There are 2 protein chains.
Amino acid sequence: MSKSPKFDREQVVAKATNLYWERGYHATSMRNLQDAIDMRPGSIYAAFGSKDGVFRESLEHYAEQSIGRFRAQRAAASSPLQALKNTVRQVVIQSKTDAPSSMCMLVKTVAELTDNEAELLEFAKAKLKSVEDAIAELIKEAQQAGEISAEKNAEHLARFVQVQIAGLRIYAKANDDAPLEQMISEMFESITATVQ
Amino acid sequence: MSKSPKFDREQVVAKATNLYWERGYHATSMRNLQDAIDMRPGSIYAAFGSKDGVFRESLEHYAEQSIGRFRAQRAAASSPLQALKNTVRQVVIQSKTDAPSSMCMLVKTVAELTDNEAELLEFAKAKLKSVEDAIAELIKEAQQAGEISAEKNAEHLARFVQVQIAGLRIYAKANDDAPLEQMISEMFESITATVQ
DNA sequence: AAAATATTTGAGCGATTGTTCAAATATAGC
DNA sequence: GCTATATTTGAACAATCGCTCAAATATTTT
């Protein structure tokens with residue numbers, strides 16, 4: 001004897017994610033959010049508790065989406081290394097035109113937030129770590145497949161890839177004409193080099 | 001027959017820079033700014049025109065400070081390459097404890113702003129480019145000194161360094177225990193390698 | 001010391017912030 | 001179709017936002 005919510009939480013979070021991703025935490029107002037997800041304040045607060053609550057769930061959604069990309073590319077590619085390369089290309093090059101921001105939402109969040117929003121900052125850091133773990137898994141697969149030297153440390157390489165992606169995406173936003181394809185190729189040359 | 005401003009513009013801009021650097025553009029209110037620089041609204045608006053005006057001058061100040069660091073390290077170091085290494089270490093490692101933010105203010109700004117603040121965004125991009133130019137100059141010096149292969153492209157390497165610094169500083173903020181010293185060493189190994 | 005000209009002050013503007021909550025509305029079980 | 005129990009709505013809250021401007025204050029020239 002009741003009524004169930006009529007909004008699709010998944011879709012709502014996806015829309016909220018895109019807005020937060022584009023504008024960042026502080027520049028996104030609840031008013032902006034209301035318009036983007038087509039919900040009124042009361043419903044939003046009943047469903048998510050606060051602006052932070054929506055943001056937190058958006059970060060979660062974004063992280064899942066990011067990790068899902070690795071899985072999707074792994075399923076589509078001919079090898080683990082190819083999947084990693086394709087994911088990096090997708091994330092660095094395609095996001096320039098296809099995504100709400102050319103930058104990673106988790107990186108943007110870590111860059112933007114301070115101790116004043118400690119919880120959200122820590123949450124974003126943790127999600128970034130879980131993305132790094134997904135990269136490490138793919139690298140280990142590539143090592144088993146003989147595409148990357150097994151003598152190298154997978155976590156070490158995953159960290160390297162993480163730094164490169166973050167650096168490249170920032171650089172891509174700051175320089176519209178950056179030769180990203182070439183920069184990505186060079187990055188993978190140092191990963192697949194036989195000597196470390 | 002008049003009166004001259006009693007505030008020290010240089011000092012005021014320095015304080016404003018530190019505040020904007022730490023909190024970012026959107027999270028810094030004029031009230032915060034008033035407190036930080038100890039000026040009342042009327043004086044601030046007479047001197048800088050707007051919140052954007054203060055921010056713009058802060059970006060300018062920050063960029064000059066950044067380029068000045070290269071000069072200072074160049075003067076102190078035994079060689080151009082050593083100066084570059086020391087600057088990278090200073091910027092990536094020391095800034096974790098000594099600076100308002102562990103991240104580059106220009107990078108934070110490029111990451112945060114959107115087309116809604118197009119002018120400031122373009123300004124930050126341009127300043128980031130001028131920092132890259134300063135790196136390229138140092139690399140050319142290192143090439144003339146025989147520390148880096150003259151066959152390599154200096155602008156190309158400067159771009160590489162810029163990507164690495166941005167990536168490392170983001171990574172340093174996201175991971176408190178990152179082995180930065182080691183990561184920086186590895187980066188320079190690929191710069192000074194005899195084959196490219 | 002008076003006059004002229006600048007800067008500094010801070011109350012307060014309209015707009016917007018995140019959030020609340022009583023009223024209206026929809027749905028499920030009886 | 002009635003009752004019970006949700007959800008949804010949107011007006012409105014106090015606080016804060018970026019900013020303005022008349023009045024007060026300081027400095028310099030006459």
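Given the structure is predicted, the values throughout are model-derived calculations rather than measurements. In the text below, chain A, chain B and the rest are named by the order of the sequence lines, each starting its count at 1.
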Problem - Set of residues satisfying side chain to side chain contact (heavy atoms under 4.5 Å, CB included) with respect to B:Ala16, sequence neighbours excluded - result: B:Leu33, B:Ile37, B:Val54, B:Ser58

Practice task
Report the residues that fulfil side chain to side chain contact (heavy atoms under 4.5 Å, CB included) with A:Asp8, sequence neighbours left out, ordered by chain and then residue number.
Solution key: A:Glu10, A:Gln11

Among residues at least two apart in sequence or on other chains, which ones pass side-chain hydrogen bond (donor to acceptor under 3.5 Å, both in side chains) with [X]?
{"X": "B:Gln82", "answer": "none"}
{"X": "A:Tyr20", "answer": "none"}
{"X": "B:Arg89", "answer": "B:Asn86, B:Glu181"}

Completion exercise
Between A:Val92 and A:Leu180, the two heavy atoms sitting closest are O-CD1, 4.0 Å

Handout entry: Shortest non-hydrogen separation from B:Glu112 to B:Ala27 and the atoms involved
Key = OE2-N, 4.5 Å

Exercise for the section: Please check if atom CZ in B:Arg31 has more than 12 non-hydrogen atoms from other residues, nucleotides or ligands closer than 6.0 Å. Expected result: no

Exercise for the section: Determine whether more than 12 heavy atoms belonging to other residues, nucleotides or ligands lie under 6.0 Å from atom CG of A:Asn116. Expected result: yes

Problem - Side-chain donor-acceptor pair present, A:Glu147, A:Ser79, cut-off under 3.5 Å - result: yes

Completion exercise
Considering only heavy side-chain atoms of B:Ser43, the closest of C:dG18, C:dT9, D:dT7 is C:dT9

Take atom [atom1] of [X] and atom [atom2] of [N], then tell me their distance rounded to the nearest Å.
{"X": "A:Met39", "N": "D:dG10", "atom1": "CE", "atom2": "C1'", "answer": "14 Å"}
{"X": "A:Ile37", "N": "D:dT9", "atom1": "CD1", "atom2": "P", "answer": "11 Å"}
{"X": "B:Tyr45", "N": "C:dA11", "atom1": "OH", "atom2": "C1'", "answer": "15 Å"}
{"X": "B:Arg40", "N": "D:dA23", "atom1": "CZ", "atom2": "C1'", "answer": "16 Å"}

Handout entry: Residue-level proximity of residues 6-16 of chain B to DNA chain C when a heavy atom falls under 4.0 Å
Key = B:Lys6, B:Phe7

Fill in the blank from the handout: What residues 48-55 of chain A contributes to the DNA chain C interface at heavy-atom separation below 4.0 Å is A:Ser50, A:Lys51

Practice task
Please list, by residue number, the residues of residues 17-34 of chain B whose heavy atoms come closer than 4.0 Å to an atom of DNA chain D; answer none if no residue qualifies.
Solution key: B:Thr28, B:Ser29, B:Met30, B:Arg31

Can you give me the N/O atom pairs linking the protein to nucleotides 11-15 of chain D at distances under 3.5 Å, or say none if there are none?
none

Exercise for the section: Not counting sequence neighbours, list each pair that qualifies as a salt bridge (charged side-chain N to carboxylate O under 4.0 Å, His left out) and has a residue in residues 40-56 of chain A. Expected result: A:Asp38-A:Arg40

Handout entry: Summary of salt bridge (charged side-chain N to carboxylate O under 4.0 Å, His left out) pairs that have at least one residue in residues 155-173 of chain A, sequence neighbours excluded
Key = A:Lys140-A:Glu155

Would you list the atom pairs, donor with acceptor, under 3.5 Å between side chains in residues 119-127 of chain A and any protein atom, with sequence neighbours excluded?
unit_1	atom_1	unit_2	atom_2	d
A:Glu122	OE2	A:Lys125	NZ	3.2
A:Lys127	NZ	A:Glu60	OE2	2.9

